[in-house]
**Q** 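Here it is, the structure, as structure tokens.
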Amino acid sequence: MLAVGHYKKHIRPETKVETMRKYAIGATAVLLCGVTGTAQAQSGVTLYGLLDTGVEYLTHANVKGDRLVRMPAITGVYPSRWGFKGAEDLGGGLKATFVLESGFGVGNGNSLQGGRLFGRQAWVGLSGRYGTLSFGRQYTMTTWALADNDIIGPDIYGMGSLDSYIPNARADNSVVYKVTMGQFTAGAAWSFGRDAAGTGNSPGQGTCAGSVAGDFRQCTDWSALLRYDAGSFGVAASYEEQRGGANAAFNFFDGVAPAPFTGSGGKDARAQANVYVQLFGVKFDAGWLGRHVSSGSAAVASVRSDMFFAGAQYFITPFVELDGEAFRIINTQHDTRATMATVRAIYLLSKRSGVYAQGTYLANSAHARYSASSGGPGATPGPGMNQTGVMLGMFHQF
């Protein structure tokens, strides 16, 4: 779209009526050219989306041990979303790029990510031979380290069941730089206020708007990434650190109540290392994710957890996929531990549509209350209760 400034000219002395008439004609021309320019620009814009839903059955879904049958509100194999993405060629290998992506629940149509319109992604940036620099609500490097290196991914019975932040590792008000050179990818991100709206990026985390005069560190988030991909194998490592602030809390999702995280001197850090390899037509993955929270307050003790995972993926035919992954999390300070194993079968009806069946079993230690399902609230077992989950569903991409 041409800028209005391109239409400015020196105007000779004339009557006020003549001047206003010319301004009106000029404004009409600008609007017409703007509409034409917008239509042309939209030729590079893609509307896309994914819908995924089904029916889930859970045992021990409350402290009484009752069963639950429901349509999950958040995810199945994939979280449902729709969005726009596009790029404009600026010449010299430089492009202007953007993404606007909204998450929603298929069962009721509600917006997710705290009710944000574009809660999954909302950013604009410049991309070229030296990488991409972007600004807005974006994924942190925790997400990019797990991309292709976590077989089950953001599934309802995946890593998010033990740490709800993992499939929601995004930050508001962020500046992100990523570059790929050959088989190496590096990235860094900084957020001036990681969660400025909604109900938080994960349950029990509260909000943390940041950008507070006199306290630059409050609610900030920074992360870094280094990964290597060689086709048949790859490794990745990342580190992410969140600072505390007003209205913030931290939650380990093990049944222990969230604790205040209101001081900017506090740190909530996650570090991870993972690997994948493909052998004889089977893809294997394995990794570790460690979390350490120091609240910055003598009244709230520091807490640490370690999660380990390993899985495998195999295509029986080009249309039938089998996946399996096991997880183990240990939290010594809370005296909580859990082991979870998930299996999944996907039958592709086409390149865009598929049906699936999946199941999981989670074993809690005596004091733990991890839930096997990340499909929404209302499915937390009692202390020490084990849980079985089964889901049948379908998805369609457009």
Side-chain angles (χ1 to χ4, degrees), residues 49-62 66-81 103-113 119-120 143 146-147 150-170 201-204 251 253-255 285 289 307 309 311-313 321-329 338-348 353-364 369-381 385-397:
L50 187 150
L51 297 93
D52 185 327
T53 192
V55 177
E56 179 186 30
Y57 167 82
L58 285 170
T59 65
H60 301 109
N62 56 25
D66 293 331
R67 301 170 183 176
L68 175 66
V69 179
R70 65 178 179 178
M71 291 185 69
I74 298 176
T75 186
V77 171
Y78 310 104
S80 298
R81 81 291 298 266
F104 64 94
V106 176
N108 53 22
N110 286 351
S111 293
L112 301 180
Q113 290 81 47
R120 291 182 59 85
T143 293
L146 285 167
D150 175 19
I151 286 171
I152 292 296
D155 190 278
I156 192 171
Y157 303 137
M159 195 178 295
S161 298
L162 303 178
D163 185 346
S164 182
Y165 179 71
I166 299 304
N168 298 291
R170 307 175 183 88
N201 283 328
S202 57
N251 187 359
F253 315 106
D254 56 358
D285 74 344
L289 190 146
M307 187 192 308
F309 66 92
Q313 178 187 70
E321 174 187 347
L322 292 180
D323 306 319
E325 198 158 35
F327 309 88
R328 172 69 172 173
I329 191 166
T339 302
M340 186 174 80
T342 298
V343 293
R344 181 176 69 189
I346 300 175
Y347 179 74
L348 299 176
S353 300
V355 294
Y356 59 85
Q358 57 183 339
T360 191
Y361 180 77
L362 182 145
N364 276 311
R369 298 184 63 197
Y370 291 101
S371 175
S373 175
S374 58
T380 303
M385 289 185 180
N386 302 328
Q387 196 171 54
T388 299
V390 177
M391 182 177 178
L392 302 176
M394 70 170 294
F395 60 84
H396 172 74
Q397 303 176 62

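For the numbers below, each heavy atom of this structure counts, side chains included, while hydrogens, waters and symmetry mates do not. Source: prediction; values computed, not measured.
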**Q** Tyr361: what forms a ring-ring contact (aromatic ring centres under 6.0 Å, His included) with it, not counting sequence neighbours?
**A** none
**Q** Just jot down the salt bridge (Lys or Arg N to Asp or Glu O under 4.0 Å) partners of Asp163, sequence neighbours excluded, or say none.
**A** Arg270
**Q** Walk me through it: do Leu362 and Leu162 pass the test side chain to side chain contact (heavy atoms under 4.5 Å, CB included)?
**A** CA-CA 10 Å; Leu362 182 145; Leu162 303 178; 3.9 Å; yes
**Q** Go through the structure and list residues passing side-chain contact (heavy atoms from CB on, under 4.5 Å) with Ala345, not counting sequence neighbours.
**A** Leu322
**Q** Testing the basics here: between Arg369 and Gly255, what is the closest heavy-atom pair and its distance to 0.1 Å?
**A** CB-CA, 3.7 Å
**Q** Can you name the salt bridge (Lys or Arg N to Asp or Glu O under 4.0 Å) partners of Asp323, sequence neighbours left out?
**A** Arg344
**Q** What pair of heavy atoms forms the shortest contact from Pro72 to Gly54, and how long is it?
**A** CD-O, 3.5 Å
**Q** Got a sec, which residues hit salt bridge (Lys or Arg N to Asp or Glu O under 4.0 Å) with Glu56, two or more places apart in sequence or on another chain?
**A** Arg70
**Q** Of the non-hydrogen atoms in Phe104 and Leu50, which two are nearest, and what is the gap between them?
**A** CZ-O, 4.1 Å
**Q** Taking only residues two or more places apart in sequence or in another chain, which ones pass ring-ring contact (aromatic ring centres under 6.0 Å, His included) with Phe395?
**A** Tyr78
**Q** Would you name the heavy atoms of Ala379 and Leu58 that are closest together and state the gap between them?
**A** CB-CD1, 3.5 Å
**Q** Considering all heavy atoms of both residues, which atom of Ser161 and which atom of Ala372 are nearest to each other, and what is their separation?
**A** OG-O, 2.7 Å
**Q** Heavy atoms only: give me the nearest Leu68-Gly378 pair and the separation to one decimal.
**A** CD2-O, 3.7 Å
**Q** Do Arg81 side-chain atoms and Pro79 backbone N/O form a donor-acceptor pair below 3.5 Å?
**A** yes
